[in-house]
Amino acid sequence: MGGIYVHIPFCRKACHYCNFHFSTSLNARDPMIQAICTEIEMTEGYLSDNNISSIYFGGGTPSILNKEELFLIMDRLRSIYNWKEEIEITLEANAEDIHSERLDFWAEAGINRLSMGVQSFHNEDLIPMNRSHDAVIARKSLDLLARRGDFDISIDLIYGSPTTTQEMWEENVDIFLNYNIDHLSAYCLTVEEGTALHHHIKTKKTLPPDPEKSIEQYDYLMDKMETQGYEHYEISSWARDGKYALHNGNYWKHVSYLGIGPSAHSYNGLERKWNVAHNVKYLSSIESGTLPYESELLSETNLFNEKVMTQLRTMWGIDIDGFKEKEKEHLRKHIPALLRDGLVSNPDNRIVLTRKGKHMADYVSAELIRDEDD
Ligand code: SF4
């Protein structure tokens with residue numbers, strides 16, 4: 001059973017570190033919702049099975065959708081796809097959008113999991129990031145969610161920002177833990193070309209992130225979460241009581257998914273395709289009856305490399321038995337050196353990152369992937 005990702009390409013403000021696709025002009029909102037509904041119809045049949053196990057509203061900022069817009073999209077999905085009650089339907093929510101009225105219609109629409117972009121509980125971090133919420137709003141939103149208790153919650157935090165001292169980071173983690181939330185995603189601040197952060201660093205308006213501080217904060221998080229009973233089940237994700245993110249977990253397991261909306265990616269086991277990351281081009285293409293995407297047929301080597309890179313990020317690691325004989329040989333050839341360097345362990349014919357390996361996951365992946373002519 002596959003999953004569906006819906007990209008809502010609007011944000012109220014541009015966060016300085018962000019390189020996702022979005023527009024801060026909300027003018028095209030109505031035609032965009034119409035186009036997304038049309039694309040849902042046009043892509044029917046992309047997934048071999050219309051029974052789905054997850055829907056994920058990402059962006060951009062899907063929490064800006066009003067009730068009518070959200071129901072239009074959900075009703076269109078319902079007219080084509082089937083799902084059981086236990087489906088995971090996630091909506092990425094900005095803290096400033098968490099109000100009783102919105103929560104009521106999200107629940108009514110079938111949303112049962114919220115992924116909340118908190119990033120920090122300190123205004124000293126949030127203001128330079130140009131987030132549209134502040135620390136008080138973040139806490140009020142989490143208080144409201146805790147009182148209601150009707151959604152599974154995940155929050156995102158960012159570590160390694162030049163403004164985040166170790167003390168502030170430890171406080172962020174403590175506040176998260178006090179809210180008794182089952183899932184955390186924590187990302188290292190990365191400086192992507194073309195972002196305001198990149199420009200600010202180039203023009204010396206902002207200090208660049210300090211890699212040593214990032215390592216210290218990640219290490220602290222790993223230790224603290226372990227003592228609190230959370231499983232570090234993916235390199236950036238922690239969960240307790242088995243509350244793993246199903247939709248994202250399916251990406252790592254190479255389950256098929258269909259992406260709807262500008263910049264959304266899809267995968268069906270044979271090819272990857274990605275929609276144009278441009279709102280105007282997306283709208284005019286859908287309006288003229290053409291799906292606005294490029295695609296790539298995946299070679300055996302591509303598929304192998306993707307599996308290796310994604311499985312390696314998880315606590316279950318790379319399952320060597322799941323590969324063809326020649327691929328197994330390739331993997332086994334690299335294990336001794338990685339074991340010697342303390343980067344992986346090798347339980348039950350799997351390759352699993354050690355703590356040291358988690359800091360060097362890109363290097364380990366690069367060692368294990370294959371060239372086309374290997
Ligand atoms: S709200 Fe999310 S998608 Fe929008 S700019 Fe900020 S980080 Fe990027």
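The chain is numbered in sequence order, starting from 1.
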> Is any NZ, NE, NH1 or NH2 atom of the basic residue among E101 and K67 found under 4.0 Å from an Asp or Glu carboxylate oxygen of the other?
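No salt bridge links E101 with K67.
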> Would you confirm whether the ring centroid of H7 sits within less than 6.0 angstrom of the ring centroid of F22?
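Between H7 and F22, which both carry aromatic rings, the centre distance is not below 6.0 Å.
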> Going by an N to O cut-off under 4.0 Å, is there a salt bridge joining R355 and D223?
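Salt bridge present between R355 and D223.
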> In terms of side-chain geometry, is the basic nitrogen of E41 or R76 positioned less than 4.0 Å from the acidic oxygen of its partner?
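Counted as a salt bridge, because a side-chain N and a carboxylate O are separated by less than 4.0 Å.
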> Roughly how far, to the nearest 0.5 Å, is CD1 of I89 from CD1 of I111?
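One gets 6.0 Å once the value is rounded to the nearest 0.5 Å.
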> Mind checking whether Y159 and Y218 have parallel, tilted or perpendicular rings, split at 30° and 60°?
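Rings of Y159 and Y218: parallel, as their planes differ by under 30°.
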> Quick check for you: to the nearest 0.5 Å, what is the distance between D182 atom CG and W238 atom CH2?
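Between atom CG of D182 and atom CH2 of W238 there are 15.5 Å.
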> Look at E96 together with R12 and state whether they make a salt bridge at an N to O cut-off of under 4.0 Å.
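Looking at R12 together with E96, the answer is yes, because their closest N to O distance falls below 4.0 Å.
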> Kindly indicate, with the supporting measurements, whether the criterion side chain to side chain contact (heavy atoms under 4.5 Å, CB included) is fulfilled by H265 and N275.
CA-CA 6 Å; H265 286 230; N275 283 347; over 6 Å; no
> Please identify each residue that fulfils side chain to side chain contact (heavy atoms under 4.5 Å, CB included) with Q34, with sequence neighbours left out.
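By the side chain to side chain contact (heavy atoms under 4.5 Å, CB included) rule, Q34 matches L72.
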> Answer yes or no: is there an ion pair linking E327 with R370, defined by an N-O contact shorter than 4.0 Å?
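R370 and E327: salt-bridged.
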> Taking the ring of Y244 and the ring of W316, is the distance between their centroids below 6.0 Å?
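When the ring centroids of W316 and Y244 are compared, they turn out to be within the sub-6.0 Å range.
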> Any salt bridge linking D174 with K224? Criterion: basic side-chain nitrogen under 4.0 Å from a carboxylate oxygen.
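K224 and D174: salt-bridged.
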> For the pair R78 and D75, find out whether any cationic side-chain nitrogen is under 4.0 Å from an anionic carboxylate oxygen.
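Yes, charged N to carboxylate O under 4.0 Å.
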> If the threshold is 4.0 Å, N to carboxylate O, is there a salt bridge linking R272 and E306?
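Yes, charged N to carboxylate O under 4.0 Å.
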> Does a side-chain N-to-carboxylate-O contact under 4.0 Å join R148 and D104?
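Looking at R148 and D104, the cut-off is met.
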> With sequence neighbours excluded, give me every side-chain hydrogen bond (donor to acceptor under 3.5 Å, both in side chains) pair touching residues 200-214.
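Residue pairs passing side-chain hydrogen bond (donor to acceptor under 3.5 Å, both in side chains), neighbours aside: none found.
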> Measure centre to centre between the rings of Y257 and Y251, then say whether the value is under 6.0 Å.
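They qualify: ring centres under 6.0 Å apart.
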> Any chance you could pull the hydrophobic cluster mates of W274, using side-chain heavy atoms under 4.5 angstrom and chaining through other members?
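ILVMFWY cluster around W274 holds nothing else.
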